[in-house]
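Take a look at the structure below.
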Amino acid sequence: MSPNPSFVRTLDEAWRRTGSLLCVGLDPEPSRFPGAFANRSDAIFDFCRAIVDATAPYASAFKPQIAYFAAHRAEDQLEQLIAHVHEKHPGLPVILDAKRGDIGSTAEQYAREAFERYRADAVTVNPYMGFDSIEPYLAHEGKGVIVLCRTSNPGGSDLQFLDVGGRPLYQTVAQLAAEKWNAAGELALVVGATFPNEIEVVRGIVGNMPLLIPGIGAQGGDVEATVRAGRTKDGVGMMINSSRAILYAGKGDDFAQAAARAAQETRDKINLYR
Ligand SMILES: O=C(O)c1cc(=O)[nH]c(=O)n1[C@@H]1O[C@H](COP(=O)(O)O)[C@@H](O)[C@H]1O
């Protein structure tokens, strides 16, 4: 079997080819779908496929959030959706947002779920249980592992800001990721757009490592401050995610066109500051 292409390399190529740092988040909530989707058993797939096809010209990655599928017993639709992205939009990586974290033997199963069942290119993981809980994902050659570092939510400070030897815990996570955990070169970190100062600090610690940055759009993160803080010297290095502000930009039959417009505007705004 040929090895998987490198996630980090594919992502870097996508940034440069598409000229976009936008990651379109796929958090499907059927109660917010336009009326035409009511009572359709495949509504989640159909809605997300329409969003993917409409926004792909403005995106460099997609990020489905697993809970939005699992809560509706729609894991099969998630499989179909990721297969659709690979088939119709090759070269745009799919990040499965699952925020997993467990002992090694269980993590092996989560890794198989993300990479073999769903065929994601990368998965989000929680570092709270330490490196042996992350290693099983790295055993999948070429697959990306995106570690929570400084999350976008207000409660993220409860633990991530605890003082560890004179600096906040999230900085220790960034340093471990950059210096000890990244032998495979396929790690990335999550840093919320709601905390641009911390984005800048993390960028200083991790060099060119990719950052997944959620929190613009519905959570109110500042695009200009985010981009200025997180860009690499080459003006790339960030998967800037927006979910609800794109998915639900329109409520009617033109929802996909409205999503495309929102994606285009977001891409263009990001590009003003690269
Ligand atoms: O790992 C994530 O993607 C993530 C980390 C984080 O710190 N904050 C955060 O909002 N997310 C996810 O990013 C998405 C943000 O969605 P919107 O606020 O609608 O753009 C959701 O799927 C969250 O689960």
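Atoms within a ligand are numbered from 1 in the order they appear, just like the ligands themselves. Just so it is clear, the structure is predicted and the values come from calculations on it, not from any experiment. In this chain, numbering begins with 1 at the start of the sequence shown.
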Problem set entry | Hydrophobic cluster identity match, Val147 and Met129, side-chain contacts under 4.5 Å | no
Exercise. Side chain, backbone, both or neither: which part of Thr151 has a heavy atom under 4.0 Å from ligand 1?
Worked result: both
Under 3.5 Å, which donor-acceptor pairs link side chains of residues 35-43 to any protein atom two or more places apart or in another chain?
from	atom 1	to	atom 2	distance (Å)
Arg40	NH1	Ala36	O	3.4
Arg40	NH2	Asp46	OD2	2.7

Problem set entry | Option whose closest heavy atom lies nearest to atom 5 (C) of ligand 1, chosen from Ser243, Pro214, Gly220, Gly221 | Pro214
For this session: Consider ligand 1: state whether an atom of it lies below 4.0 angstrom from any non-hydrogen atom of Arg150.
Result: no
Relative to each other, are the rings of [X] and [Y] parallel, tilted or perpendicular (30° and 60° limits)?
X      : Y      : answer
Phe115 : His140 : tilted
Phe131 : Trp181 : parallel
Phe45  : His84  : perpendicular

Find all atoms of ligand 1 within a distance of less than 4.0 Å from any non-hydrogen atom belonging to [X], and give their numbers and elements.
X      : value
Asn241 : 13 (O), 14 (C), 15 (C)
Lys99  : 1 (O), 2 (C), 3 (O), 4 (C), 5 (C), 11 (N), 12 (C), 24 (O)
Ser152 : 6 (C), 7 (O), 8 (N), 9 (C), 10 (O)
Val190 : 5 (C), 7 (O)
Asp27  : 14 (C), 16 (O), 21 (C), 22 (O)

[atom]: the protein heavy-atom neighbour that sits closest, reported with distance to 0.1 Å:
atom                    : result
atom 19 (O) of ligand 1 : Arg244 NE, 2.6 Å
atom 15 (C) of ligand 1 : Gln219 NE2, 3.5 Å
atom 13 (O) of ligand 1 : Lys63 NZ, 3.3 Å

Exercise. When only distance counts, is Asp97 in polar contact with ligand 1, meaning an N/O pair under 3.5 Å?
Worked result: yes
For this session: Using distance alone, determine whether Thr124 and ligand 1 share an N or O pair under 3.5 Å.
Result: no
Exercise. So, for Asn153 and Phe195, which heavy atoms are closest and what is the spacing to 0.1 Å?
Worked result: O-CE1, 4.1 Å
Exercise. How about Tyr248 and Phe255: are their ring centroids closer than 6.0 Å?
Worked result: no
Exercise. If you draw a 6.0 Å radius around NZ in Lys269, do more than 12 non-hydrogen atoms from other residues or ligands fall strictly inside?
Worked result: no
For this session: Return the set of residues passing salt bridge (charged side-chain N to carboxylate O under 4.0 Å, His left out) with Asp234 (not counting sequence neighbours), or none when no residue passes.
Result: Arg16
